[in-house]
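Have a look at the structure below, then the notes.
Here the structure is a predicted model, which is why all the values come from computation and not from measurement. Computed from heavy atoms alone, side chains included, the values below leave out hydrogens, waters and symmetry copies.
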Amino acid sequence: MKEILIEFVDFWNGFDRIENFIYKTLSKKFKIKFSNKPDYLFYSSYGFEHLNYSNCIKIFYTGENQVPDFNLCDYGIGFHYLDFKERYLRLPLCFIRSSYDKVKKEKKINKEEVLNRRFCNFVYSNNLNADPIRRVFLEKLSEYKKVDSGGKYLNNGFDIGESIEDKLVFLGNYKFTIAIENSAVEGYTTEKIIEPMSVNSIPIYWGNPLIKLDFNEKSFIHLSNKTEEEIKKVIERIIYLDNNDEEYLKVLQEPWQTPKQVIQPEEVLLAFLNNIISQPINKARKRPNFGYARNYEISLRKKIFDEPLNSDKELSTKFIVHSVLKKIIKKFKRTFITILKKHLGE
């Protein structure tokens, strides 16, 4: 088993560098050692420590609606539909959550139990940088029947003051779940839709406009845009299903995914990473060693930390001197032209 040196930086608070999807997948094929001088650096969106690493292969992973900056990373893993050959893998957050294991399996539905559940739930802890459609839709749907809001955001009397103890158990008590992403970006599909799916609660989904590429569009309710007309149409659909057991069951019995949509995330990720690690380090590196892209990385590091790495000081100094000389020459050129025009005018 090949030994590899890795490190994780700039991940979210509470991130465990062993108990995570990337480490567990890698450990199936490689012997892993952590090092402050890694051969492979995995970094995410929550900091800039990765800028302190230059002599390694840098692999960016995001659980946010963010496009990898391939000037800074050799490889990227994200949500967007990008074609960058071996340098990019689309692996949405929804597919690496444990809830997805249940979504892939054949449904087992107890008709009596699912029909005798509460109406609909809404569970969100915060609304920072989230699209206002969450609140708008909640208020509109609540005009028909009370929607139980069990999170800290817009809590309406259910479990006041506390977060629900087990979210999936909570969602499973409802016929419908409002599943609205922070933003609508093509490819950006998170756990919002698979959590209710895993407990057979029909998601009312807004977010990824291309969601039908990831999941069977007959199995959930899709709020495709934020217009009043669309909101009204979707709410009418919900009311109809809520009052027609046979139609509700017809939707709920649809498979969450078609056979072509089901993926094996561990296999997909391992194939992507194995292709990187199986190459010699010098060939696996894809970001530029020289040119403006390299200067871009150095400039970012200097701006954030106010000091480049020792290995880049000489290059950084040359870059700064070159920039200053360009400004001086440009200023001198303007002054010379002004003097020349004045002289000729006289």
Does the side chain of Lys286 come within less than 4.5 Å of Ile57's, by heavy atoms? no
Please evaluate residues Tyr124 and Phe122 with respect to the criterion ring-ring contact (aromatic ring centres under 6.0 Å, His included), reporting the C-alpha separation (whole Å), side-chain torsions for both, the decisive distance (0.1 Å), and the verdict. CA-CA 7 Å; Tyr124 294 93; Phe122 175 96; 4.7 Å; yes
Apply side-chain contact (heavy atoms from CB on, under 4.5 Å) to residues Val9 and Asn52 and explain how you reach the verdict. CA-CA 10 Å; Val9 298; Asn52 284 320; over 6 Å; no
With heavy-atom distances below 4.5 Å as the criterion, would you say the side chains of Ile298 and Arg301 are in contact? yes
Does the pair Phe305 and Phe48 meet the rule for a side-chain contact (heavy atoms from CB on, under 4.5 Å), with working shown? CA-CA 9 Å; Phe305 300 111; Phe48 300 96; 4.3 Å; yes
Are Phe21 and Ile276 co-members of a hydrophobic cluster defined by side-chain heavy atoms under 4.5 Å apart? yes
Between CD1 of Ile32 and NZ of Lys29, what distance do you get to the nearest 0.5 Å? 12.5 Å
Any side-chain heavy-atom pair from Arg97 and Glu195 closer than 4.5 angstrom? yes
Please answer: with hydrophobic residues joined when any side-chain heavy atoms are less than 4.5 Å apart, are Tyr88 and Leu273 in the same cluster? no
Does a side-chain heavy-atom distance below 4.5 Å link Glu217 with His222? no
Quick one: does Lys2's side chain have a donor or acceptor within less than 3.5 Å of a partner on Ile277's backbone? yes
Tyr53 versus Pro38, closest heavy-atom pair with distance: CE2-CD, 3.7 Å
Distance-only, no hydrogens or angles: does the Arg237 side chain make a donor-acceptor pair with backbone N or O of Ile221 under 3.5 Å? no
Over all heavy atoms of both residues, which pair between Asp16 and Ile18 is shortest? Give the atoms and the distance, please. OD1-N, 2.8 Å
Within the structure provided, determine whether Val234 and Trp206 are in side-chain contact (heavy-atom separation under 4.5 Å). no
Any side-chain to backbone donor/acceptor pair from Lys58 onto His50? Under 3.5 Å, distance only. yes
Nearest heavy atoms of Ser219 and Pro255, plus distance in Å: CB-O, 3.5 Å
Donor-acceptor check, side chain of Lys111 to backbone of Asp245, threshold 3.5 angstrom: yes or no? no
Would Met1 and Leu270 show up in the same hydrophobic cluster when neighbours are defined by side-chain heavy atoms closer than 4.5 Å? no
From Cys56 atom SG to Phe42 atom CZ, the distance as rounded to the nearest 0.5 Å: 10.5 Å
Contact between Met197 and Ser99 at the side-chain level, heavy atoms closer than 4.5 Å - yes or no? no
Asn20 side chain to Arg17 backbone, donor-acceptor under 3.5 Å: yes
Are Phe84 and Leu91 connected in the hydrophobic side-chain network, where two residues link if heavy atoms are under 4.5 Å apart? no
Salt bridge (Lys or Arg N to Asp or Glu O under 4.0 Å) assessment of Glu7 paired with Lys37: CA-CA 8 Å; Glu7 187 56 277; Lys37 293 183 179 180; over 6 Å; no
For Tyr188 and Tyr205, the nearest pair of non-hydrogen atoms, with its separation, is O-OH, 3.6 Å
Could you tell me if the side chain of Phe176 sits less than 4.5 Å from the side chain of Leu141, heavy atoms only? no
Ile22 and Ile59: CA distance, side-chain angles, deciding distance, side-chain contact (heavy atoms from CB on, under 4.5 Å) verdict: CA-CA 11 Å; Ile22 296 172; Ile59 304 166; over 6 Å; no
Sub-3.5 Å donor-acceptor pair from the side chain of Gln257 to the main-chain atoms of Val103, do we have one? no
Under 3.5 Å, is there a donor-acceptor pair between the Glu64 and Ser45 side chains? no
Does any part of the side chain of Thr177, heavy atoms only, come nearer than 4.5 Å to the side chain of Val123, both counted from C-beta? no
Any donor-acceptor pair under 3.5 Å from Asn244 side chain to Glu246 backbone: no
For Tyr81, what are the other residues in its hydrophobic cluster, where any two members join if their side-chain heavy atoms are less than 4.5 angstrom apart? Leu210, Leu213
Cationic tip of Arg87 within the cone over Phe70's six-membered ring, i.e. under 6.0 Å and within 45° of the normal? no
Which heavy atom of Ile238 sits nearest a heavy atom of Ile204, and at what distance? CD1-CD1, 3.5 Å
Should Arg287 and Asp74 be marked as a salt bridge (Lys or Arg N to Asp or Glu O under 4.0 Å) after you check the CA-CA gap, both sets of side-chain angles, and the distance that decides it? CA-CA 5 Å; Arg287 68 190 196 277; Asp74 299 286; 2.5 Å; yes
Which value, rounded to the nearest 0.5 Å, describes the distance between Ile4 atom CD1 and Ser35 atom OG? 11.5 Å
Would a single hydrophobic cluster contain both Leu82 and Ile263, if residues Ile, Leu, Val, Met, Phe, Trp and Tyr are joined by side-chain heavy-atom contacts under 4.5 Å? no
Could you tell me whether the side chain of Glu230 and the main chain of Ser224 form a donor-acceptor pair under 3.5 Å? yes
Can you name the closest pair of heavy atoms from Phe215 and Thr189 and give their distance? CE1-CG2, 3.9 Å
I would like to know whether Trp256 and Ile194 meet side-chain contact (heavy atoms from CB on, under 4.5 Å); could you show each step before the answer? CA-CA 9 Å; Trp256 297 122; Ile194 65 162; over 6 Å; no
Nearest 0.5 angstrom please: Ile133 CD1 to Asn182 CG, how far? 13.5 Å
Tyr144 and Phe119 aromatic centres sub-6.0 Å: yes
Is the side chain of Glu181 donor-acceptor paired with the backbone N or O of Asp131 at a distance under 3.5 Å, no angle test? no
For atom CG of Asn129, decide whether the heavy atoms of other residues, nucleotides or ligands shown that lie under 6.0 angstrom number more than 12. no
Between Tyr296 and Asp69, is there a side-chain donor-acceptor contact under 3.5 Å, judged purely by atom types and distance? yes
What's the verdict on ring-ring contact (aromatic ring centres under 6.0 Å, His included) for Phe8 and Tyr61, showing C-alpha distance, side-chain angles and the deciding distance? CA-CA 10 Å; Phe8 292 99; Tyr61 170 81; 9.8 Å; no
Using the salt bridge (Lys or Arg N to Asp or Glu O under 4.0 Å) rule, take Glu297 and Arg294 through it: C-alpha gap first, then chi angles, then the decisive distance, then the call. CA-CA 5 Å; Glu297 182 176 1; Arg294 182 70 174 128; 3.2 Å; yes
Indicate yes or no for a side-chain donor-acceptor contact from Tyr75 to the backbone of Ala284 under 3.5 Å, with no hydrogens or angles considered. yes
Asp10-Ser44 side chain donor-acceptor pair, cut-off 3.5 Å: no
Verify whether one side chain among Glu191 and Tyr100 offers a donor that lies under 3.5 Å from an acceptor in the other. no
Quick one: pull up CG in Leu241 and CG in Leu249 and give me the separation to the nearest 0.5 Å. 10.0 Å
Could you tell me the separation between the OH atom of Tyr40 and the CD1 atom of Ile281, rounded to the nearest 0.5 Å? 3.5 Å
